[in-house]
2 protein chains.
Amino acid sequence: MRHEAGEAGCRTREVDDLAQEHVTVWARPERGTRGPAAVHSRAELTAVAVELADRSGLAAVSTRQVARALGTGQASLYRYISSRDDLLDLMTDAVAGEVGLDVPLGGDPVEDLVALASRTKAVHLRHPWLSDVPPEPLRLGPRGLDYLEYALRAMEPAPLSGRIKMEIVALMNALVAQFARTELQTSRGNASRQAAQTAHLGEAASRGGHPHVAAAMADRTETDPAQVPRDLSSR
Amino acid sequence: MRHEAGEAGCRTREVDDLAQEHVTVWARPERGTRGPAAVHSRAELTAVAVELADRSGLAAVSTRQVARALGTGQASLYRYISSRDDLLDLMTDAVAGEVGLDVPLGGDPVEDLVALASRTKAVHLRHPWLSDVPPEPLRLGPRGLDYLEYALRAMEPAPLSGRIKMEIVALMNALVAQFARTELQTSRGNASRQAAQTAHLGEAASRGGHPHVAAAMADRTETDPAQVPRDLSSR
DNA sequence: AGTAAATTGCGAACACTGATCGCAGTTATG
DNA sequence: CATAACTGCGATCAGTGTTCGCAATTTACT
């Protein structure tokens with residue numbers, strides 16, 4: 001695990017050791033020229049890791065399990081990557097490449113971005129672990145760079161600064177992740193446990209003076225998206 | 001760690017073992033009546049954990065470190081909570097209580113929600129680890145319930161279904177988290193490392209046929225928020 | 001050709017992590 | 001007063017990411 005602050009755990013965003021360079025995977029070359037030919041490759045590592053995550057969740061992507069699925073020793077992985085985070089970067093970039101970028105732009109930034117977001121959400125649904133990858137800033141690989149380029153191209157007509165445009169992309173992706181989360185949760189998600197949770201929450205709400213929560217939980221109405229007013233105000 | 005799928009790691013959202021009840025912290029009572037008085041309390045645990053996270057990040061909140069900061073044994077923590085996730089729930093609920101909910105509502109859902117979001121963002125800035133807590137669905141404690149109640153009250157005039165309103169709250173919080181992330185990243189954030197990353201990215205962009213990315217990175221313009229058109233279209 | 005440098009796979013270890021078990025001691029209830 | 005419940009906690013387990021050193025292998029530079 002990351003020993004940056006002397007402790008381990010989930011992917012952290014701590015202060016970097018100033019002594020450490022901490023280069024990205026994309027900065028280091030995959031192979032030198034000297035030694036024997038490598039048996040595997042970063043692409044193979046990535047494919048196996050993605051497969052593993054698709055089947056068993058992001059937590060299943062441990063160095064040992066990936067190594068086993070690859071048929072190699074655990075320590076051997078570190079010949080291809082220098083940390084588990086590198087592997088996450090590779091995985092993220094790989095699935096970013098699954099978003100189709102050959103769709104021609106229509107010219108309206110909003111419409112084009114919405115279409116891109118929709119295709120991105122599809123990728124999230126296909127790779128549920130993607131919503132669980134902690135959002136690290138600015139760790140784009142080649143595919144992610146293509147993605148960003150496409151999004152910025154879509155926003156070309158908009159009179160906004162570059163920084164704002166990039167923040168918009170990040171924002172859009174956060175929204176996509178959230179949408180994907182709720183969609184996954186309602187679909188694949190354990191109706192029994194869900195109902196129990198909801199019931200318990202509703203009960204707690206009605207018991208403790210939270211009438212609006214109780215009402216919202218009891219509301220079985222399906223809102224027709226077409227009749228939702230644009231500005232959310234009352235009728 | 002969670003042994004749900006036989007593996008450990010970051011806070012996962014795997015399939016629950018059907019044999020396991022997996023009750024929330026809020027469902028279990030803090031203390032029984034029989035034994036000797038407990039030396040500490042959930043509130044004390046929570047306070048120490050929040051303090052620890054504020055200073056050293058979410059990864060520093062390990063059972064051992066919390067126990068040490070509390071002056072007790074590691075295994076003793078499990079008398080108050082049944083998993084580390086419980087502790088995260090407690091922490092989240094505690095800081096949710098820091099959002100002021102005594103601000104009177106104006107009546108316009110959008111305005112009121114924006115104000116609430118702004119106050120929520122302030123809490124995120126005060127507790128940077130909050131953006132790192134993996135968003136688990138529907139694990140509200142009492143404070144979170146109050147928060148939800150307030151938000152739903154703000155949306156009372158809006159003709160939307162309860163489900164949609166709750167999704168809106170989740171969406172808003174995802175947005176707040178994203179805003180907090182970028183804000184934290186640009187403020188507290190390691191100018192040297194950041195500049196290096198940006199430069200490296202810009203170079204890669206200009207080298208590999210990503211003109212829009214290169215242009216956006218080079219753009220030092222500060223967009224005046226006042227003159228951004230409402231619909232993002234061209235001028 | 002021959003030497004030196006670089007690289008590979010990997011077993012073994014290290015420093016962590018969350019969680020469980022069992023036990024002595026303490027308290028309230030029947 | 002006995003029994004049941006609870007506490008604190010040392011020891012331990014299974015799992016994690018990462019490092020080190022070593023034999024083997026391949027390339028590059030004399």
Side-chain angles (χ1 to χ4, degrees), chain A residues 1-12 14 17 20 22 25 28-42 44-45 49 52 56-68 70-89 134, chain B residues 1-12 14 17 20 22 25 28-42 44-45 49 52 56-68 70-89 134:
Chain A
M1 291 190 177
R2 283 197 172 184
H3 285 176
E4 294 175 302
E7 62 246 354
C10 298
R11 208 190 197 199
T12 57
E14 307 298 323
D17 287 341
Q20 208 59 351
H22 199 307
V25 209
R28 262 179 333 242
E30 171 151 12
R31 282 236 332 124
T33 58
R34 221 65 100 119
V39 178
H40 307 282
S41 65
R42 280 185 187 167
E44 204 180 342
L45 277 197
L52 213 56
S56 315
L58 194 59
V61 182
S62 69
T63 55
R64 269 163 255 252
Q65 295 212 48
V66 170
R68 182 176 312 151
L70 211 69
T72 183
Q74 179 216 17
S76 308
L77 294 188
Y78 288 84
R79 294 292 170 197
Y80 302 88
I81 56 178
S82 67
S83 79
R84 179 180 182 258
D85 282 6
D86 282 2
L87 192 52
L88 294 189
D89 288 342
Chain B
M1 290 189 177
R2 283 199 174 185
H3 284 176
E4 294 175 303
E7 62 245 354
C10 298
R11 209 189 199 202
T12 56
E14 308 298 325
D17 286 340
Q20 208 58 352
H22 199 305
V25 209
R28 262 180 332 246
E30 171 150 14
R31 282 235 333 122
T33 58
R34 220 66 100 125
V39 178
H40 307 283
S41 66
R42 279 186 188 166
E44 204 180 343
L45 277 196
L52 212 57
S56 314
L58 195 59
V61 181
S62 69
T63 55
R64 267 162 257 254
Q65 295 212 47
V66 169
R68 183 176 310 149
L70 211 69
T72 183
Q74 181 226 9
S76 307
L77 294 188
Y78 289 86
R79 293 292 171 193
Y80 302 88
I81 56 177
S82 68
S83 80
R84 181 183 183 256
D85 282 7
D86 281 2
L87 191 52
L88 294 190
D89 288 342

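Letters A, B, ... mirror the listed sequences (proteins, then strands); counts begin at 1.
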Phosphate OP1/OP2 of [N] contacted by [X] side-chain N/O (<4.0 Å):
X	N	result
A:S76	C:dC10	yes
A:Y80	C:dG9	yes
B:R31	D:dT7	yes
B:R84	C:dG18	yes
B:S62	C:dT17	yes
A:T63	D:dG17	yes

Next item on the list: Kindly compute the distance separating OG (A:S62) from CD (A:Q74), expressed to the nearest 0.5 Å.
Entry: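 If I round to the nearest 0.5 Å, the distance is 8.0 Å.
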Check: Measuring from A:L58:CG to A:L88:CG, what's the distance to the nearest 0.5 Å?
Finding: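 Here the interatomic distance stands at 5.5 Å.
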Looking at the side chain of [X], which of [options] is the nearest nucleotide?
X	options	result
A:R64	C:dA19, C:dT8, C:dA13	C:dA13
A:P36	C:dT8, C:dG9, D:dA28	C:dT8
A:A75	C:dT7, D:dA5, D:dT19	D:dT19

Round to a whole Å and report the spacing from [atom1] of [X] to [atom2] of [N].
X	N	atom1	atom2	value
A:R34	C:dA6	CZ	P	6 Å
B:L77	C:dT20	CG	P	13 Å
A:R68	D:dG17	CZ	P	12 Å
B:Q74	C:dG18	CD	C1'	7 Å
A:I81	D:dG17	CD1	C1'	10 Å
B:D86	C:dG18	CG	P	13 Å
B:L70	D:dT7	CG	C1'	14 Å
B:Y78	D:dA11	OH	P	18 Å

Margin query: Given 3.5 Å as the limit, does a donor-acceptor pair link the side chain of A:R31 with the main chain of A:S41, or not?
Written below: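 Such a contact is absent between A:R31 side chain and A:S41 backbone.
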Margin query: Please determine whether the number of non-hydrogen atoms from other residues, nucleotides or ligands lying under 6.0 Å from atom CZ of B:R68 exceeds 12.
Written below: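 No, not enclosed.
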Check: Any donor-acceptor pair under 3.5 Å joining the side chain of B:Q65 to the base of C:dT17?
Finding: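 No such pair is found, so the answer is no.
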Check: Do B:T72 and B:V39 come within less than 4.5 Å of each other through their side chains, counting heavy atoms only?
Finding: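 Result no, sub-4.5 Å side-chain heavy-atom pair not found.
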Notebook entry, point to check: So, do B:L77 and B:L87 sit near enough that their side-chain heavy atoms are less than 4.5 Å apart?
Noted result: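 SC-SC contact between B:L77 and B:L87 ruled out.
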Item checked: Sugar-phosphate, base or nothing in reach of B:S82, heavy atoms under 4.0 Å ->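 Answer is nothing: B:S82 stays at 4.0 Å or more from every strand.
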Checklist line | Residue whose closest nucleotide on DNA chain C lies nearer the 5' end, B:A37 versus A:A37 | finding: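 Looking at DNA chain C, the more 5' nearest nucleotide goes with A:A37.
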Notebook entry, point to check: Which residue, B:G32 or A:V61, contacts DNA chain D at a nucleotide closer to its 5' end, judged by nearest heavy atom?
Noted result: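 The residue whose closest nucleotide sits nearer the 5' end is B:G32.
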